[in-house]
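Take a look at the structure set out below.
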Amino acid sequence: VTYLIAKKAMDAKNPQPYLESKQLLQDYLLTPYLELAMLDLRLKQTPAKEVARILDTYSDVPTSRNIRRRWIAMLAKNSPDDFIRYYPQSGATAELDCTYAQLQLQRGKRKQAHAIAARLWNSGQSQPQSCVPVFAAWEEDGGLTPDLRWQRLLLAARAGNYGLAGWVAKKHPQQQQ
């Protein structure tokens, strides 16, 4: 079985031809794509440690990044402990950053959650709903100052995000307006 036959079968979610010819394709240049396609087919059933190992092995293969993003999002919903363990410290979405920060708050790790809140607050763009409790905890603990609100209002206005600027202005203490 050639690579193209195995690839076509994998695209049709049929791993059998690849599994039958795995030894023959072992040293083929494009085999990592088949390995990642195989992982993608069984992502939900594969233990987190094995997924991490495979993704690390093939981290230079472009499709691994998409699989990793889907896997991390899946962990966020289904396996909080694994999500915390394998969460990427850079390159994640704001949604996942806030989910991570919420889990850190639940575990009493307020400092880590506040660092994420501060980074995401410093933006002229609206953030996902999952950030609301993170920002609220940060504010409650004294991290969100009037100066930081003012900075975000200016960032939002400069970015043309007048809805966000208006929302921040409403939340801004009266004496500062």
Side-chain angles (χ1 to χ4, degrees), residues 1-138 143 159:
V1 174
T2 66
Y3 171 83
L4 290 176
I5 293 170
K7 173 74 170 107
K8 190 178 268 190
M10 290 297 275
D11 290 345
K13 301 189 183 330
N14 175 13
Q16 202 55 43
Y18 173 58
L19 293 173
E20 291 170 359
S21 62
K22 195 170 182 175
Q23 291 291 33
L24 294 172
L25 292 168
Q26 184 175 334
D27 295 324
Y28 190 64
L29 181 65
L30 298 176
T31 297
Y33 287 92
L34 294 173
E35 284 292 310
L36 288 168
M38 182 70 150
L39 173 64
D40 201 17
L41 285 177
R42 57 188 176 92
L43 194 58
K44 290 180 182 176
Q45 298 82 24
T46 306
K49 192 173 185 175
E50 185 179 345
V51 173
R53 182 190 60 74
I54 293 169
L55 290 173
D56 288 346
T57 299
Y58 300 116
S59 62
D60 59 334
V61 179
T63 56
S64 70
R65 289 183 276 286
N66 291 333
I67 294 169
R68 184 177 297 274
R69 273 193 287 274
R70 283 196 319 281
W71 177 58
I72 292 293
M74 184 182 79
L75 291 178
K77 292 179 185 171
N78 303 321
S79 183
D81 290 337
D82 285 334
F83 175 69
I84 293 273
R85 186 175 298 115
Y86 295 109
Y87 184 73
Q89 296 303 314
S90 64
T93 64
E95 178 81 31
L96 290 175
D97 279 341
C98 286
T99 300
Y100 180 80
Q102 284 182 46
L103 290 169
Q104 295 294 48
L105 286 170
Q106 291 169 10
R107 286 164 167 73
K109 297 182 177 182
R110 297 184 87 71
K111 186 176 179 180
Q112 291 93 325
H114 294 340
I116 293 168
R119 180 173 47 81
L120 293 173
W121 181 265
N122 190 27
S123 169
Q125 301 304 314
S126 297
Q127 299 295 3
Q129 278 300 115
S130 62
C131 294
V132 172
V134 176
F135 291 148
W138 183 46

- Query: Taking the side chain as C-beta and beyond, is there a heavy-atom pair between L105 and P133 under 4.5 Å?
  - Reply: no

- Task: For the residue pair R68 and S64, confirm or rule out a side-chain donor-acceptor distance under 3.5 Å.
- Result: no

- Residue pairs passing the disulfide (SG to SG under 2.5 Å) test with at least one member in residues 95-130, sequence neighbours excluded, are C98-C131

- Search all heavy atoms of Q127 against all heavy atoms of A94 and return the closest pair with its distance. OE1-CB, 3.3 Å

- Task: Considering non-hydrogen atoms only, spot the tightest contact between T99 and A76 and give its length.
- Result: CG2-CB, 4.0 Å

- By side-chain contact (heavy atoms from CB on, under 4.5 Å), which residues pair with T57, not counting sequence neighbours? R53

- Residue pair L41 / M10: nearest heavy atoms and the distance that separates them: CD1-CE, 4.0 Å

- Not counting sequence neighbours, list each pair that qualifies as a ring-ring contact (aromatic ring centres under 6.0 Å, His included) and has a residue in residues 31-70. none

- Side chains of R107 and I84: closer than 4.5 Å at any heavy-atom pair? yes

- Item | Where P15 and M38 come nearest, the two heavy atoms and their spacing | CB-SD, 3.5 Å

- Task: May I ask you to decide if the ring planes of Y3 and Y28 are parallel, tilted or perpendicular, using 30° and 60° as cut-offs?
- Result: tilted

- Report yes or no: does E35 contribute a side-chain atom to a donor-acceptor pair with the main-chain N or O of I54 at less than 3.5 Å? no

- Query: Counting N and O atoms only, with roles assigned by atom type, does the side chain of S79 sit under 3.5 Å from a partner on the main chain of L75, one being a donor and the other an acceptor?
  - Reply: no

- Shortest non-hydrogen separation from S59 to R65 and the atoms involved: O-NH1, 3.5 Å

- Task: Could you tell me whether a side-chain N or O of T46 sits under 3.5 Å from a main-chain N or O of V51, the two making a donor and an acceptor?
- Result: no

- Closest non-hydrogen atom pair, A92 against Y87: CB-OH, 3.2 Å

- Query: Between the side chain of S21 and the main-chain N/O of L24, is any donor-acceptor distance below 3.5 Å?
  - Reply: no

